Amino acid sequence: AQKVTQAQTEISVVEKEDVTLDCVYETRDTTYYLFWYKQPPSGELVFLIRRNSFDEQNEISGRYSWNFQKSTSSFNFTITASQVVDSAVYFCALSEMEYGNKLVFGAGTILRVKS
Amino acid sequence: DVKVTQSSRYLVKRTGEKVFLECVQDMDHENMFWYRQDPGLGLRLIYFSYDVKMKEKGDIPEGYSVSREKKERFSLILESASTNQTSMYLCASSFPPTGVRGETQYFGPGTRLLVL
């Protein structure tokens, strides 16, 4: 079974719309870490956020916000007032204590923001 | 600032050739990783290394080998390239050493490899 599921393959929005990217994970560990990365057309993965399993507080960073809910095993990412520069592939990833520092990635969500 | 570099952005090779992909990080990180990225599959771990001369298989090591002779450099080797190894290859590094979990991995720009 997939450990990290990003069910949305591709999303298209118009600039200034809000958009939420879904991430559902599966783990038996009580200690784990969740990540979001952005991959713009240039190809390099850019780190956005890291969250450990004991910290369920939502986080906001400018137009970005993350909603971590252990009850539903989800770690969703919302972009408020989207911009064309937000167009990229976004990956959610899981690191489990049992598997050391290895990351398991979701398939990614392609976000297209049109002007 | 975090810096991971990869020797080539684009590479075209013939079936059966030996291919070397180089990755260098300047952050004194102990951990280094090689992934391949394919549409619809996300990133999959090929090999990783927690220290010089040390390597461990990831999820898809078949057809690949690695070398880590110096802390800052981690090479991925395709012994005999095949068309199904056409992909995007991404290198990453992280700190600290083994025993601490969940540290952030920092990625290089990737190498797009085409095997004809």
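Fair warning: this is a prediction, and the values are worked out from it, not measured in the lab. To find a chain, count down the sequence lines: A is the first, B the second, and so on, and within it residues start at 1.
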> Heavy-atom distance under 4.5 Å to chain B: side chain of A:Tyr37, backbone, both or neither?
side chain
> Please say yes or no: joined through hydrophobic side-chain contacts below 4.5 Å, possibly via intermediate residues, are B:Tyr50 and B:Ile46 part of one cluster?
no
> Using side-chain contact (heavy atoms from CB on, under 4.5 Å), reason through B:Glu56 and A:Lys102 one step at a time and then give a plain yes or no.
CA-CA 11 Å; B:Glu56 285 197 34; A:Lys102 292 191 289 182; over 6 Å; no
> Are A:Trp36 and A:Val19 connected in the hydrophobic side-chain network, where two residues link if heavy atoms are under 4.5 Å apart?
yes
> Drop me the distance from A:Leu45's CG to B:Tyr35's OH, to the nearest 0.5 angstrom.
9.5 Å
> Given heavy-atom pairs under 4.5 angstrom as the criterion, report whether the side chain, backbone, both or neither of B:Leu43 touches chain A.
both
> So which of B:Gly110, B:Pro39, B:Gly58, B:Gly108 has the biggest tally of heavy-atom pairs under 4.5 Å with chain A?
B:Gly108
> Answer yes or no: does atom CG of B:Leu116 have more than 12 heavy-atom neighbours from other residues, nucleotides or ligands under 6.0 Å?
yes
> Establish whether B:Leu76 and B:Leu45 are linked, either directly or via other cluster members, by ILVMFWY side-chain heavy-atom contacts under 4.5 Å.
no
> Which bit of B:Arg44 is near chain A, if near means a heavy-atom gap under 4.5 Å: side chain, backbone, both or neither?
neither
> When clusters are formed by joining ILVMFWY residues with side-chain heavy atoms under 4.5 Å apart, either directly or through shared neighbours, do B:Trp34 and B:Met54 land in the same one?
no
> Consider only side-chain heavy atoms of I, L, V, M, F, W and Y, link residues closer than 4.5 Å, and tell whether B:Met32 and B:Val24 are in one cluster.
no
> State, to 0.1 Å, how close A:Ala107 and B:Gly40 come at their nearest heavy-atom pair, and which atoms those are.
CB-O, 3.4 Å
> For B:Gln6, is it the side chain, the backbone, both or neither that has a heavy atom under 4.5 Å from a heavy atom of chain A?
neither
> Would you say CZ of A:Arg63 has more than 12 non-hydrogen atoms from neighbouring residues, nucleotides or ligands within 6.0 angstrom?
yes
> CZ/A:Phe35 to CD/B:Gln105 distance, rounded to the nearest 0.5 angstrom?
7.5 Å
